[in-house]
Each structure stands twice: as C-alpha cells, then as structure tokens.
Student: 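Sharing a structure here in structure tokens format.
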Amino acid sequence: MRKLLALFTVFIIIFFNGCSKEEKFGVEQFVDRINKTYKAEYKTSDFLLGKNQQEENFLFYEEDNTMVILILNNENQVVGTSLLITDNNIMEEYINKFCRMASILTNLDYQKQIEILEQCEINESNIKNTDSNFTITVGKYKYSVVSNNYSITLFCERV
C-alpha cells in the first residue's frame, strides 16, 4: 500500500508541474494565450523584430491606431508588453486592450488586472495627450504611462 501511495504521489507531482503555466514564455505562447483567453486573432508571423538602443530585442505589431510591443529578454522570452496609442478618442477600449495584454503577461485574470490598473490610476480620466509620465510598481511588475501631444504609451514589465 505504501509503495502504491508513493508511486501515486510521484506521479501527481510530475504531472501537476507539467500543467502549470510557466512564468517565462516566448511570443508564440503569448499569442496563443491571448488568442485563446480573449478570442483575439494575433498571428506570431505578423510581429516584426526590432532592436532598441541597447541592442535588446522587441517585437511589434501595428493595428489601426495602436502598436502592440512585446519586450524580450536575452533568451527571447516575453518580459514586458506595451501599447502605443495615437488616437485617444476611444481610450477606454485601448485601456481594456492593454489590460488583456498585461493579464497574459502577469498570469492574472482580467478582473484582477483591471483592479490593479485602477489602483495605479491608469484609467481614461488620468491619461491625457500632454507631456507626462509616471511609473508604479506592483509586486513583480512595473506599470508605466508615457504621453505627449502625439501618442500615449502604456507599459507593463517584469521587474
């Protein structure tokens, strides 16, 4: 009986670890998760590769008046997400889109993520097309807003 219990316990430990979502994942897993969770229609092949001034990789995808950006580490795992907005007429819709992206990165459900954004005061009434920026850290993630007369950019990055 003990051998059977020990074998069963080892079996459960091995397979439960296989079912958990890993903290670090690539663009393919990000796209797969956001498509399944929010019925989005992103394709990995639509993301273009870029490099910033520090030679770090990022991926970007333009759609309508926004640009979705995935920030990558040295192993090309997604460590941040960003949404650049050039038209703030439907800001609430864009904040909801950013919330969906951040919830995939942080592995939180949509409702919990929207509560965090509200605590950080990342909402329609606080974000304007003026020169401003602010950053707030919540747990393992840093939320930032950078805005000017031309665009607004929302960031969520792993610290």
Side-chain angles (χ1 to χ4, degrees), residues 15-52 56-130 132-148 150-159:
F15 283 101
F16 278 155
N17 285 336
C19 295
S20 65
K21 289 185 180 179
E22 69 272 19
E23 187 171 302
K24 297 179 181 180
F25 51 87
V27 65
E28 189 173 332
Q29 291 87 359
F30 182 89
V31 168
D32 187 48
R33 290 176 188 177
I34 200 163
N35 286 346
K36 285 181 181 176
T37 305
Y38 298 109
K39 295 180 179 47
E41 296 180 6
Y42 293 110
K43 294 179 186 168
T44 306
S45 60
D46 290 341
F47 283 84
L48 301 174
L49 179 65
K51 289 189 180 279
N52 63 14
E56 297 168 326
N57 290 337
F58 66 90
L59 297 165
F60 63 94
Y61 171 74
E62 271 187 81
E63 97 182 313
D64 301 325
N65 295 315
T66 66
M67 182 183 300
V68 173
I69 302 164
L70 299 178
I71 303 160
L72 307 174
N73 65 9
N74 292 338
E75 291 87 36
N76 287 326
Q77 296 168 329
V78 178
V79 294
T81 186
S82 177
L83 182 65
L84 178 116
I85 304 158
T86 57
D87 176 18
N88 69 341
N89 290 329
I90 50 175
M91 197 63 193
E92 184 178 350
E93 182 178 316
Y94 294 139
I95 290 173
N96 289 335
K97 181 177 185 173
F98 175 71
C99 181
R100 291 188 293 270
M101 293 165 44
S103 75
I104 297 300
L105 178 68
T106 61
N107 198 24
L108 296 172
D109 66 22
Y110 179 84
Q111 195 57 42
K112 181 66 177 164
Q113 188 64 57
I114 202 78
E115 289 171 14
I116 290 172
L117 294 181
E118 280 297 321
Q119 288 173 347
C120 296
E121 297 184 353
I122 299 175
N123 56 43
E124 190 175 3
S125 61
N126 289 339
I127 301 173
K128 304 292 180 207
N129 271 85
T130 58
S132 69
N133 63 54
F134 61 90
T135 300
I136 298 168
T137 302
V138 178
K140 297 188 289 184
Y141 296 92
K142 176 176 65 172
Y143 298 89
S144 304
V145 177
V146 177
S147 63
N148 59 36
Y150 305 105
S151 67
I152 296 167
T153 308
L154 309 171
F155 293 92
C156 177
E157 296 178 86
R158 191 174 296 125
V159 181

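The basis for the numbers below is simple: all heavy atoms, side chains too, and nothing from hydrogens, waters or symmetry mates.
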Student: Considering non-hydrogen atoms only, spot the tightest contact between Asp46 and Tyr61 and give its length.
Tutor: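 For Asp46 versus Tyr61, the nearest heavy atoms are CB-CE1, 3.3 Å.
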Student: To the nearest 0.5 Å, what is the distance between CG on Asn148 and NZ on Lys128?
Tutor: 15.5 Å
Student: Rounded at 0.5 Å granularity, tell me how far OH in Tyr94 sits from CG in Leu84.
Tutor: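 It is 10.5 Å, given to the nearest 0.5 Å.
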Student: May I have the step-by-step check of side-chain contact (heavy atoms from CB on, under 4.5 Å) for Ile95 and Ile127, ending in yes or no?
Tutor: CA-CA 10 Å; Ile95 290 173; Ile127 301 173; 4.2 Å; yes
Student: When rounded to the nearest 0.5 angstrom, what distance separates NZ in Lys142 from SG in Cys120?
Tutor: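 If I round to the nearest 0.5 Å, the distance is 13.0 Å.
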Student: For Glu115, is the CD atom crowded, meaning more than 12 foreign heavy atoms sit under 6.0 Å from it?
Tutor: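 Enclosed: over 12 neighbouring heavy atoms sit under 6.0 Å from CD of Glu115.
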Student: Within a strict 4.5 Å, meaning less than it, do heavy atoms of the Tyr110 and Tyr38 side chains meet?
Tutor: yes
Student: Just by distance, do the side chain of Thr86 and the backbone of Asn65 share a donor-acceptor pair under 3.5 Å?
Tutor: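 Yes, the answer is positive, given that a donor and an acceptor are paired below the 3.5 Å cut-off.
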Student: Checking Lys97 against Glu63 for the side-chain contact (heavy atoms from CB on, under 4.5 Å) test, could you report, in this order, the C-alpha distance in whole Å, the side-chain angles of both residues, the deciding distance, and whether it holds?
Tutor: CA-CA 12 Å; Lys97 181 177 185 173; Glu63 97 182 313; 2.2 Å; yes
Student: Which residues pass the salt bridge (Lys or Arg N to Asp or Glu O under 4.0 Å) test with Asp87, not counting sequence neighbours?
Tutor: none
Student: I need the minimum non-hydrogen distance between Tyr141 and Leu105, along with the two atoms involved.
Tutor: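 Where Tyr141 meets Leu105 most closely, the heavy atoms are OH-O, 3.5 Å.
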Student: Taking the side chain as C-beta and beyond, is there a heavy-atom pair between Ile116 and Tyr143 under 4.5 Å?
Tutor: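 They are in side-chain contact.
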Student: For the atom pair OG1 (Thr106) and CE (Met101), what is the distance rounded to the nearest 0.5 Å?
Tutor: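 Separation between the atoms: 11.5 Å.
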Student: Quick check against the 3.5 Å criterion: does Asn88 have a side-chain atom that pairs as donor or acceptor with the backbone of Met91?
Tutor: no
Student: Do Leu117 and Leu154 come close enough that some side-chain heavy atom pair is under 4.5 Å?
Tutor: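 Result no, sub-4.5 Å side-chain heavy-atom pair not found.
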Student: Would you check if Arg158 and Gln77 make a side-chain contact, meaning some heavy-atom pair closer than 4.5 Å?
Tutor: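 No, side chains not in contact.
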Student: Is it the case that over 12 heavy atoms from other parts of the model lie below 6.0 angstrom from the CG atom of Asn52?
Tutor: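 More than 12 heavy atoms, drawn from other residues, nucleotides or ligands, come within 6.0 Å of this atom.
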Student: Looking at CD1 of Ile71 and CD of Glu56, how far apart are the two atoms once the value is rounded to the nearest 0.5 Å?
Tutor: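 Separation between the atoms: 9.0 Å.
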Student: Within the structure provided, determine whether Asp32 and Thr44 are in side-chain contact (heavy-atom separation under 4.5 Å).
Tutor: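 Counting from C-beta outward, Asp32 and Thr44 never come under 4.5 Å.
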Student: Could you report the tightest heavy-atom contact between Thr153 and Ser82, atom names first, then the distance?
Tutor: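 Heavy atoms of Thr153 and Ser82 come nearest at CG2-OG, 3.2 Å.
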Student: Looking only at heavy atoms, which two atoms of Phe47 and Val68 are closest? And how far apart?
Tutor: CE2-CG1, 4.1 Å
Student: For Glu75, I'd like to know if atom CD has over 12 heavy atoms of other residues, nucleotides or ligands within 6.0 Å.
Tutor: yes
Student: Who pairs with Lys51 by salt bridge (Lys or Arg N to Asp or Glu O under 4.0 Å), at least two apart in sequence or on another chain?
Tutor: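 Result, salt bridge (Lys or Arg N to Asp or Glu O under 4.0 Å) vs Lys51: none returned.
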Student: Work out which heavy atom in Asn129 is nearest to a heavy atom in Ser151; give both atom names and the distance.
Tutor: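 Result for this residue pair: ND2-N, 3.8 Å.
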Student: Under the rule for side chain to side chain contact (heavy atoms under 4.5 Å, CB included), what residues qualify as partners of Phe134, not counting sequence neighbours?
Tutor: Ile122, Ile136, Val145
Student: Say whether, by atom type as modelled, one donor and one acceptor occur between the side chain of Asn35 and the main chain of Tyr42 under 3.5 angstrom.
Tutor: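 At least one qualifying donor-acceptor pair exists.
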Student: Just how far is it from atom CG of Leu49 to atom CZ of Phe58, taken to the nearest 0.5 Å?
Tutor: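 Interatomic distance, Leu49 CG to Phe58 CZ, rounded to 0.5 Å: 8.0 Å.
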